[in-house]
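Here the structure is laid out as C-alpha cells; the discussion comes afterwards.
One-based numbering, in listed order, for ligands and for the atoms of each. Since the structure is predicted, the reported quantities are computational estimates derived from the model, not experimental observations. Just so you know, these numbers use all the heavy atoms, side chains as well, and skip hydrogens, waters and symmetry mates.
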Amino acid sequence: MKILVIAAHPNLQQSRVNKCWVTELRRHPDQVTVHELYAAYPEKAIDIEREQALIAEHDRLVLQFPLQWYSTPSLLKQWLDEVFTTAWLFGPGGRAVAGKELLLAISIGGAEASYQAGGLIGYTISELTRPLQALANQIGMTLLPHFKLYGAVQATDEQIESSAKQYLQYILNPELDPRIARQRMLDEMKQKMKAAQ
Ligand SMILES: Cc1cc2nc3c(=O)[nH]c(=O)nc-3n(C[C@H](O)[C@H](O)[C@H](O)COP(=O)(O)O)c2cc1C
C-alpha cells in the first residue's frame with residue numbers, strides 16, 4: 001500500500017509536533033511519501049497536475065495539519081479547492097480518488113476534555129471535521145479514523161516523540177478500515193457457530 005502524507009503547517013520550522021511527525025515519517029521513505037505543502041508552494045501557486053498525479057500514485061492519503069480556528073490551515077483548504085476539481089474527480093477516465101483511503105492527522109492545541117459537549121470548546125473533532133468527511137463520502141474515498149494529538153501546545157518533548165512513533169505505526173497499519181474489523185468479527189462468529197453445531 002502506498003501512503004502519501006500532505007503535511008500542511010504554515011511554519012514548520014517553528015513547529016514542535018508537526019515537525020517531529022514529519023521527521024519521523026521521513027525516516028521511512030520506502031513506506032511513506034511526505035509532501036510538505038508550504039515548502040512546495042511558498043508563493044501559494046499550486047501545480048494542480050503535479051498534485052493530482054501524486055495522489056493518483058498512492059492508495060492512502062493522509063492530511064496532516066495543526067488545528068487552526070477549528071479548521072485546516074488555509075493552504076490546505078486552497079489545495080483541496082484547486083486540486084479536487086470536478087472534472088478530475090468525476091470526468092471521463094474514471095473517478096480519480098474513488099476507493100482510496102483518507103486519513104486526517106491533527107495536532108490540537110486544546111485538551112481532549114475541552115472537545116466534547118459541555119466542555120470548553122463544546123464540539124468534538126469529529127464534529128468539526130464534518131466538511132472533510134462529507135467530501136470523502138462525495139468523492140468515494142474511505143474515511144479512516146483520525147490520528148489526533150490533543151494538548152499539543154503543552155506536550156513535553158517526550159510525549160511528542162512518542163506520538164510521532166505512534167503516528168507512523170498508525171498510518172502504516174493496512175487494516176484501519178473499520179469494515180475489515182467488522183468482517184473479521186463476523187467470520188469469527190460464523191466459525192464459532194459452525195463449531196458449536
Ligand atoms: C492561528 C492559530 C489558530 C489555532 N487554532 C486552534 C484551535 O482552533 N483549537 C486548538 O485546539 N488549537 C489551536 N491552535 C493551536 C495549534 O493547534 C497548536 O499550536 C498546534 O497543533 C501545535 O502543533 P505544532 O507544534 O506542530 O505547531 C491554533 C494555533 C494557531 C497558530
If you take the nearest heavy atom of each of [options], which one is closest to [atom]?
atom                    : options                     : value
atom 14 (N) of ligand 1 : Ile106, Leu67, Ile160       : Leu67
atom 23 (O) of ligand 1 : Gly151, Pro10, Ser107       : Ser107
atom 4 (C) of ligand 1  : Gln154, Gln14, Gln68, Lys19 : Gln68
atom 10 (C) of ligand 1 : Trp21, Trp69, Tyr115        : Tyr115

Between [Y] and [X], is the closest basic N to carboxylate O distance under 4.0 Å?
X      : Y      : value
Arg26  : Glu36  : yes
Arg130 : Glu127 : no
Arg184 : Glu175 : yes

Over all heavy atoms of both residues, which pair between [X] and [Y] is shortest? Give the atoms and the distance, please.
X      : Y      : answer
Pro145 : Tyr170 : O-OH, 2.6 Å
Ala155 : Arg16  : O-NH2, 2.7 Å
His146 : Thr129 : NE2-OG1, 2.9 Å

task: For the pair Trp79 and Phe84, name the ring-plane relationship: parallel under 30°, tilted 30 to 60°, perpendicular over 60°.
output: tilted
Which donor-acceptor pairs under 3.5 Å do the side chains of residues 96-109 make with protein atoms, sequence neighbours left out?
unit_1, atom_1, unit_2, atom_2, d
Lys100, NZ, Ala56, O, 3.2
Lys100, NZ, His58, O, 2.6
Glu101, OE1, Arg60, NE, 2.7
Glu101, OE1, Arg60, NH2, 2.9
Ser107, OG, Asn18, ND2, 3.0

Going by the atom numbers of ligand 1, which of them fall below 4.0 Å from some non-hydrogen atom of [X]?
X      : result
Arg16  : 24 (P), 25 (O), 26 (O)
Asn18  : 23 (O), 24 (P), 26 (O)
Gly110 : 10 (C), 11 (O)

Would [X] count as being in polar contact with ligand 1, using the rule that some N or O on each side must be under 3.5 angstrom apart?
X      : answer
His9   : yes
Val17  : yes
Pro66  : no
Gly109 : yes

- prompt: Identify the closest protein heavy atom to atom 8 (O) of ligand 1: which residue and atom is it, and at what distance?
  reply: Tyr70 N, 2.9 Å
task: Would you kindly specify which portion of Val153 sits under 4.0 Å from ligand 1, judged on non-hydrogen atoms: side chain, backbone, both or neither?
output: side chain
message: When you measure from the side chain of Ser114 to the backbone of Gly110, do you find a donor-acceptor pair of N or O atoms at a distance under 3.5 Å?
response: no
